[in-house]
Number of protein chains: 2
Amino acid sequence: MQLDETDRRILRALQRNSKRTSTEIAAEIGLSQTPYLRRVRRLEEGGAIDRYVAILNPAALGLGMTIFTRIWLTGQDGRSVDAFAAAVRKMPEVVECHLMAGDCDFLLRVVVADIASYRHFQAHHLTRLPGVQSVKTEIPMQQIKASTEIPV
Amino acid sequence: MQLDETDRRILRALQRNSKRTSTEIAAEIGLSQTPYLRRVRRLEEGGAIDRYVAILNPAALGLGMTIFTRIWLTGQDGRSVDAFAAAVRKMPEVVECHLMAGDCDFLLRVVVADIASYRHFQAHHLTRLPGVQSVKTEIPMQQIKASTEIPV
DNA sequence: AGTGAAAATTGGGCTGC
DNA sequence: GCAGCCCAATTTTCACT
């Protein structure tokens, strides 16, 4: 998909705030509504824009704690990895999961209310998944940055 | 902020898709538009809903690579940490940054086009920040899950 | 032919009952 | 919860490059 600087300006604006009116964003980037909306449509249909969502405030909802969890499986074959991936995708507490190169483990970002709920989640859900050999947790002291914007 | 199950249903729906009409979401959770919109307003003003954004598709935009970078500073005093935090917040490639407990380093999630751009970013931007002692990168082989939804 | 502006129609969000 | 108003979004048509 080919993008010019105007397309990127649109994407940057919508990444920051998708609730502004099209008139307003169009004016800001020096376009009128029609060509602006044509471009937005094209970006949506071309897959550049995946979806529109509400971003919640975890702290305000009592979900102030993020934990990074590293998991090693007993086997690294495709079936074990796929089974683990499928299980993790169903867990709402697991917000992110990456299969890492090198050590060949998983890195998870887990969102919970507090340490106690994390302990329960790890003991009763995470370690009970098929093929989990060992689990190591890393705890952030402070969230420095948490953006949903990518550098387009 | 006190939430009942209806509020949580609203939050879950808006986290998944914020572009559906209020009539549609209201009907799904068994409410009519007016009380639904009253609740949404309350959730916005109470800070439970932080913002509405477009989520882009990194792969479709040629930003298919996520890198985790771990950074140690020469000093862990407040001034060093704050200076580093401020610098990192200005870098669009750094999507997430956490000050970690224990080893007392930073964990960054960096979004780039490919390894070459990451090498450039690390050599010319990251390692030139004040107080950076050492940098270690971890590379995901596969994105298993990447959600913007928290478990309300 | 492709892009931008203007106008008209539709339909959702909001405010009175 | 319902009805009407208002405004934004969309679509069509027109003008320009």
Side-chain angles (χ1 to χ4, degrees), chain A residues 1-63 147-152, chain B residues 1-63 92 113 147-152:
Chain A
M1 186 167 195
Q2 202 57 32
L3 303 178
D4 62 15
E5 182 54 26
T6 305
D7 289 320
R8 280 190 287 271
R9 297 244 281 273
I10 292 173
L11 293 176
R12 283 195 289 266
L14 290 174
Q15 271 193 312
R16 271 196 294 275
N17 184 354
S18 62
K19 270 288 159 77
R20 296 169 65 200
T21 66
S22 44
T23 321
E24 195 183 330
I25 300 178
E28 180 181 281
I29 63 180
L31 235 55
S32 84
Q33 299 104 326
T34 314
Y36 166 77
L37 284 168
R38 246 202 298 270
R39 280 169 184 264
V40 172
R41 201 69 83 137
R42 188 174 147 268
L43 293 166
E44 286 167 359
E45 277 161 12
I49 297 174
D50 184 51
R51 62 192 192 277
Y52 296 91
V53 302
I55 301 294
L56 309 187
N57 181 342
L61 295 162
L63 291 165
S147 170
T148 50
E149 300 170 33
I150 61 173
V152 287
Chain B
M1 187 168 194
Q2 204 54 31
L3 303 177
D4 62 14
E5 183 54 27
T6 306
D7 289 320
R8 280 190 286 271
R9 296 246 281 271
I10 293 173
L11 293 176
R12 284 196 288 266
L14 289 175
Q15 271 193 309
R16 272 196 293 275
N17 184 353
S18 62
K19 271 288 158 78
R20 295 169 67 201
T21 66
S22 45
T23 320
E24 195 183 332
I25 300 179
E28 181 182 280
I29 62 180
L31 233 56
S32 84
Q33 299 102 328
T34 315
Y36 165 78
L37 284 168
R38 251 201 294 269
R39 281 170 184 263
V40 172
R41 199 67 82 137
R42 186 174 149 269
L43 293 166
E44 285 167 357
E45 278 162 11
I49 297 174
D50 184 51
R51 62 191 192 277
Y52 296 91
V53 302
I55 301 295
L56 309 187
N57 181 342
L61 295 162
L63 291 165
S147 170
T148 51
E149 299 170 34
I150 60 172
V152 288

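The model shown is predicted, which means the values in this text are computed figures rather than measured ones.
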Atom [atom1] of [X] to atom [atom2] of [N]: distance rounded to whole Å?
X	N	atom1	atom2	answer
A:Arg41	C:dT3	CZ	P	17 Å
A:Glu44	D:dA9	CD	P	12 Å
A:Arg39	D:dT10	CZ	P	17 Å
A:Gln33	D:dT11	CD	P	14 Å
B:Leu31	D:dG1	CG	P	6 Å
B:Lys19	D:dA9	NZ	C1'	10 Å

Q) Going by distance alone, is a donor N or O of one side chain under 3.5 Å from an acceptor N or O of the other, for B:Glu28 and B:Tyr36? A)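 Their side chains do not contain a donor-acceptor pair, so the 3.5 Å distance test is not met.
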
Please determine whether a side-chain nitrogen or oxygen atom of [X] lies at a distance below 4.0 Å from atom OP1 or OP2 of [N].
X	N	result
A:Ser22	D:dA9	yes
A:Arg38	C:dG2	no
B:Arg20	C:dG13	no

Q.
Go nucleotide by nucleotide along DNA chain D from the 5' end; which of A:Thr23 and B:Gly30 gets its closest nucleotide reached first?
A. B:Gly30

**Q.** Donor-acceptor pair under 3.5 Å, B:Thr34 side chain vs D:dC2 base
**A.** yes

Q) Nearest to the side chain of A:Thr21 - D:dA8, C:dG13, C:dG4? A)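 Closest of the options to the side chain of A:Thr21: D:dA8.
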
Q: Counting heavy atoms from C-beta on, name the nucleotide in D:dA9, D:dG1, C:dC14 closest to the side chain of B:Ser32.
A: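 Selected nucleotide: D:dG1.
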
Q | 4.5 Å side-chain heavy-atom contact, B:Leu11 and A:Leu61 | A |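 Yes - at least one pair of side-chain heavy atoms lies under 4.5 Å apart.
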
Q.
Could you measure the distance from the CD atom of B:Glu44 to the CZ atom of B:Arg41? Nearest 0.5 Å is fine.
A.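 B:Glu44 CD to B:Arg41 CZ: 6.5 Å, rounded to 0.5 Å.
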
**Q.** Point-to-point distance, once rounded to the nearest 0.5 Å, from CD of B:Glu149 to CZ of B:Arg12
**A.**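 Rounded to the nearest 0.5 Å, the CD-CZ separation comes to 10.5 Å.
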
Q: Look at all strands and tell whether A:Leu37 reaches a base, only sugar-phosphate, or nothing, counting heavy atoms closer than 4.0 Å.
A: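 Base, at least one base heavy atom under 4.0 Å.
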
